[in-house]
Amino acid sequence: MSISVRGKNIEVTASLQDAAEKAINKSRHFLSDGASIKVVLGSAGQIKSAEITVSDRNTLARVEESGEDMYNVIHEAGETLERKLKKYKNQMVAKNEGRPTSHAVPERLRDTFAKDVQETDDPGDQIEIRKVKRFGIKPMFPEDAVLEMELLGHDFFVFANADEDCEVNVVYRRKKGGYGLIRPEFE
């Protein structure tokens, strides 16, 4: 397992390095020996932040916490990571054993997907793309994409839908609860 700790507007002391490694150790039993963990500690005035990104096999997890005390922020980030990885592991075990979970019941999950996705017309005066991200898309089912989205802590997730001949789809968290699935239709 490789752990990298770096600072953003802050010097990473041996004490901060130890605190970060201690926070991550609580989650070690959920990870393989080949896992890669990146910790970014930051400071913006009085606000301190800790971001932990874990890459393990085909799983990517990310947590971010902020507050006024760096050691508390690191501890909270470690606790959040442990909870996320535990929840993910439990859901994967339940799915593999065929037991229902809140995310792994296909009928219930599919019922929560939005039937119609409508676009809004609000182009604004200028459109400025400030960041471009590239990532590999792997084939998976919508239920698995929801699990990945939850693990990353995002509101949406782009994936190749294994149900639809690997067509690119998006799952997202709906404001009124449940999840939505966006499937492209070409005219």
Side-chain angles (χ1 to χ4, degrees), residues 1-92 103 120 122-138 140 144-160 168-175 179-180 182:
M1 180 177 314
S2 68
I3 300 172
S4 129
V5 181
R6 70 176 182 88
K8 187 176 182 181
N9 300 326
I10 191 172
E11 180 184 342
V12 178
T13 63
S15 178
L16 288 175
Q17 176 88 24
D18 289 343
E21 289 177 6
K22 184 178 178 183
I24 291 167
N25 275 334
K26 295 177 182 178
S27 300
R28 252 182 210 272
H29 59 282
F30 295 114
L31 304 170
S32 72
D33 291 338
S36 172
I37 302 169
K38 295 178 183 174
V39 180
V40 179
L41 305 177
S43 177
Q46 296 289 3
I47 302 298
K48 312 299 185 221
S49 64
E51 178 183 311
I52 303 173
T53 305
V54 176
S55 179
D56 189 18
R57 296 183 189 141
N58 292 329
T59 303
L60 185 66
R62 182 180 169 279
V63 297
E64 187 174 357
E65 296 291 340
S66 60
E68 292 184 7
D69 179 58
M70 180 58 81
Y71 293 98
N72 285 340
V73 169
I74 292 169
H75 177 75
E76 288 174 19
E79 294 286 323
T80 303
L81 177 66
E82 182 182 25
R83 278 193 309 275
K84 264 190 178 184
L85 291 175
K86 182 178 181 180
K87 180 179 177 181
Y88 178 73
K89 180 181 179 184
N90 289 340
Q91 288 174 335
M92 293 308 293
H103 297 297
T120 58
D122 188 12
D125 294 332
Q126 293 182 341
I127 297 173
E128 180 183 351
I129 297 174
R130 295 185 179 198
K131 186 174 185 179
V132 175
K133 281 189 168 184
R134 295 183 184 275
F135 61 96
I137 295 180
K138 56 186 176 183
M140 62 178 64
D144 298 324
V146 169
L147 289 174
E148 292 281 333
M149 177 183 72
E150 293 291 339
L151 192 58
L152 288 168
H154 289 174
D155 294 327
F156 69 93
F157 187 79
V158 179
F159 68 104
V168 174
N169 287 188
V170 176
V171 289
Y172 64 95
R173 184 178 298 112
R174 299 183 72 218
K175 289 181 182 177
Y179 301 97
I182 300 175

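One-based numbering along the sequence shown.
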Would you call [X] and [Y] a side-chain contact if the rule is heavy atoms closer than 4.5 Å?
X	Y	value
Met70	Ile10	yes
Lys86	His29	no
Val168	Val158	yes
Leu16	Val5	no
Glu148	Tyr88	yes

request  = Mark yes when over 12 heavy atoms from residues, nucleotides or ligands other than Lys26 sit less than 6.0 Å from its NZ; otherwise mark no.
outcome  =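 Correct, the count exceeds 12.
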
request  = Under the side chain to side chain donor-acceptor pair (under 3.5 Å) rule, collect the residues that match up with Glu76, sequence neighbours excluded.
outcome  =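 Checked Glu76 against side chain to side chain donor-acceptor pair (under 3.5 Å); zero matches.
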
key: Contacts of Arg28 that satisfy side chain to side chain donor-acceptor pair (under 3.5 Å) - sequence neighbours left out   =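 Result, side chain to side chain donor-acceptor pair (under 3.5 Å) vs Arg28: Asn25.
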
Please find the pair of heavy atoms, one from [X] and one from [Y], that lie closest to each other, and give the distance.
X	Y	result
Val63	Ala77	CG2-O, 3.6 Å
Leu41	Ala50	CD2-CB, 3.8 Å
Ser66	Ile47	CB-CG2, 4.1 Å
Leu151	Ala61	CG-CB, 3.6 Å
Asp56	Gly34	OD1-C, 4.4 Å
Ser27	Leu85	CB-CD1, 3.8 Å

At what distance, to the nearest 0.5 angstrom, does [atom1] of [X] lie from [atom2] of [Y]?
X	Y	atom1	atom2	answer
Lys175	Asp155	NZ	CG	9.5 Å
Ser36	Arg57	OG	CZ	14.0 Å
Leu152	Leu147	CG	CG	11.0 Å
Ser2	Ile37	OG	CD1	7.5 Å
Ser32	Met1	OG	CE	7.0 Å
Glu51	Glu64	CD	CD	5.0 Å

query = Only one of Phe159, Tyr179, Phe156 clears side chain to side chain contact (heavy atoms under 4.5 Å, CB included) with Val171; which?
reply =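 It is Phe159; the other options fail the test.
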
ask   = Are the side chain of Asn9 and the backbone N or O of Ala44 linked by a donor-acceptor pair below 3.5 Å?
value =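 Between the backbone of Ala44 and the side chain of Asn9 there is no qualifying donor-acceptor contact (under 3.5 Å).
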
task = Please check if the side chain of Lys84 supplies one atom and the backbone of Arg62 the other of a donor-acceptor pair under 3.5 Å.
result =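 Yes, Lys84 side chain to Arg62 backbone: donor-acceptor pair under 3.5 Å.
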
message = With salt bridge (charged side-chain N to carboxylate O under 4.0 Å, His left out) as the criterion, how do Glu150 and Arg173 come out once you've worked through the C-alpha distance, each side chain's angles and the decisive distance to 0.1 Å?
response = CA-CA 9 Å; Glu150 293 291 339; Arg173 184 178 298 112; 3.0 Å; yes

task = Taking side chain to side chain contact (heavy atoms under 4.5 Å, CB included) as the test, write out the residues that go with Ala23, two or more places apart.
result =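 With neighbours one apart ignored, the set is Ile74.
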
key: Listed partners of Arg134 passing salt bridge (Lys or Arg N to Asp or Glu O under 4.0 Å), at least two apart   =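 Testing Arg134 for salt bridge (Lys or Arg N to Asp or Glu O under 4.0 Å), a comparison that skips the adjacent residues, returns none.
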
inquiry  = The criterion is salt bridge (Lys or Arg N to Asp or Glu O under 4.0 Å); which residues satisfy it with Arg83, sequence neighbours excluded?
reply    =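 For Arg83, no residue satisfies salt bridge (Lys or Arg N to Asp or Glu O under 4.0 Å) once neighbours in sequence are set aside.
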
message = Filter on side chain to side chain donor-acceptor pair (under 3.5 Å), then keep only pairs touching residues 39-48, sequence neighbours left out; what's left?
response =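 Qualifying pairs, neighbours excluded: Ser43-Lys48.
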
query = Given the rule in the side chain to side chain contact (heavy atoms under 4.5 Å, CB included) test, do Thr13 and Asp18 qualify, once you have shown the distances and angles that lead to the verdict?
reply = CA-CA 9 Å; Thr13 63; Asp18 289 343; over 6 Å; no

